[in-house]
Amino acid sequence: MLFSPAGVSECLREWEDLEKDYQQIQDTHRLYKQKLEEVAKLQDSCSGAIARQRKKLRELTASLQQCKEKQPTPKLSSEDVDSISEIEDSIKDRTNAFLEMEAFLPKKNGLYLTLVLGNVNVTLLNKQSKFAYKDEYEKFKLVLTVILFLFSFTCSFVFSYRALDALFNFLLVWYYCTLTIRESILISNGSRIKGWWVFHHYVSTFLSGVMLTWPEGALYQMFRNQFLSYCLYQIGFVQFLQYYYQSGCLYRLRALGERHNMDLTVEGFQSYMWRGLTFLLPFLFFGHFWQLYNSITLFRMFQLPECKEWQVLMCCCSYMVLFMGNFFTTLGVVYQKYMNNQDKSKSL
C-alpha cells in the first residue's frame, strides 16, 4: 500500500487529497479532448488547403505549358523564360513539400489496408512515433529472419515431418502477411518503399500459402530438400546479411542528410547501396538464379505423368515471377548507377 492511515481523520484527509487530484485529472482530460477537436479541425483545414493548392498548381502548369507551345522560345524574352523556369522549379519543390506535410495528416487507406483494417486512420502524428514504428518493423524482420533460419535448419537436418514443414510454411505466410500490412502502414507515414520491393512480398505470401497446402507425396519429397536449402540461404543468410549492412549504411546516409528518415531495408539492391555495398551483388544474383532453378525444377516435375498436384505449377509460376522481378529490378538499378557514373566521369 502507498499509505497506511492510522485513523478515520487521516482517511478523510487522504480522500480530500484524492478528490483534488481527481478534479485536476478531469480538467486535464477535458483540455485534452478540446485539443483533439482542434487538431482534427486543423487537419481537415490543412488537407483541404493542400488539395486546393494542388489543383491550382496543375492548372498553372497547364497554362505555362500552353504559353510555351503558343509562343516558342525565340518569341519569349529571356526574362519570361527565366520566370517560367523558376516557377516550374518552385512547383516541383512545392510538390515534394506537400508530400512531407501529408505524411503527418490523416489520409484514406489504400485498397489493401482498407480490406485488412477497414477505414482506420493509421497516420502517426509525430516523428518519434513514426521512427519508433519503423524501428519496430526492422527489429521484427531481424527476429523473424533468425527464427525462420533456425526453423528451416531444424526441418532440413534434425526432423523430417510433414506437420513440422506445414508449421514452417504457416510461419512464412504469417511473416509475409504481417510485412505487407506493416509496409502499407509505413508507406502511409512517409516511407519510400515502393515498386517491386512491395509487390514481391505479396508474391511470397501466395507462394508460402501454396506450399502450405501441398499434400505429402513423392513429388513433395522430391522438392522438399531443395526448398528448405533455398530458405536457409535466401531467408536466413542473405536476408540477415542485407539487414546488417543496409541498416548501417542507411544510418550513415541519414546522418549526412542523403537519405529520408523513413527509408527501410529491403530484400534487394537499391541505388544508395552502390557506395560500399556492391559486394552483396554476387549473393543477391545467386539467390535470384536459385529462384530460376526452383522454377525449372518444378516445371520438369509438372511434366511428369504422375504429377497430379496443382501446387507444382503454381509454385513454378511464383518462383519465375520472383526471379524475373528480382533479377531485372536489381539489374536496372545497377545499370542506372553505372550510366550515371559514366555521365559524371564524362562531365569531369
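Numbering starts at 1 and runs along the sequence shown.
Here the shortest heavy-atom pairing between Arg162 and Met211 reads NH2-O, 3.4 Å. Of all non-hydrogen atoms in Ala166 and Leu212, the two that sit nearest each other are O-CD1, 3.1 Å. Heavy atoms only, all atoms of each residue included: Tyr202 and Ser184 are closest at OH-OG, 3.8 Å.
With rounding to the nearest 0.5 angstrom, the CG atom of Asn109 is 10.5 Å from the CG atom of Leu115. Rounded to the nearest 0.5 Å, atoms NZ (Lys108) and OG (Ser47) are 14.0 Å apart.
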Dump the intermediate steps for salt bridge (Lys or Arg N to Asp or Glu O under 4.0 Å) on Arg54 and Glu102, then the final yes or no.
CA-CA 12 Å; Arg54 270 212 177 103; Glu102 286 177 330; 2.6 Å; yes

Give the intermediate values and the outcome of side chain to side chain donor-acceptor pair (under 3.5 Å) for residues Asn126 and Ser129.
CA-CA 6 Å; Asn126 57 69; Ser129 299; 2.8 Å; yes

List the steps, then state whether ring pair (Phe, Tyr, Trp, His ring centres under 6.0 Å) holds for Tyr293 with Tyr230.
CA-CA 10 Å; Tyr293 175 61; Tyr230 165 78; over 10 Å; no

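Crowding of Phe170 atom CZ: a count of heavy atoms from other residues, nucleotides or ligands under 6.0 Å not exceeding 12. A 6.0 Å sphere centred on NZ of Lys92 holds no more than 12 heavy atoms belonging to other residues, nucleotides or ligands. Counting non-hydrogen atoms of other residues, nucleotides and ligands closer than 6.0 Å to CE of Met222 gives a total above 12.
Ring-centre distance between Tyr176 and Phe206: not below the 6.0 Å cut-off. A ring-centre distance under 6.0 Å is found for Phe157 and Phe153. For Phe240 and Phe149, the gap between ring centers reaches or exceeds 6.0 Å.
Classification of Lys141 and Glu183 as a salt-bridged pair fails, no side-chain N sitting under 4.0 Å from a carboxylate O.
Relative to the ring axis of Phe140, Arg182 places its NZ or CZ within 45° and under 6.0 Å from the centre.
In the model, Tyr112 has a side-chain atom that pairs as donor or acceptor with a side-chain atom of Thr180 under 3.5 Å.
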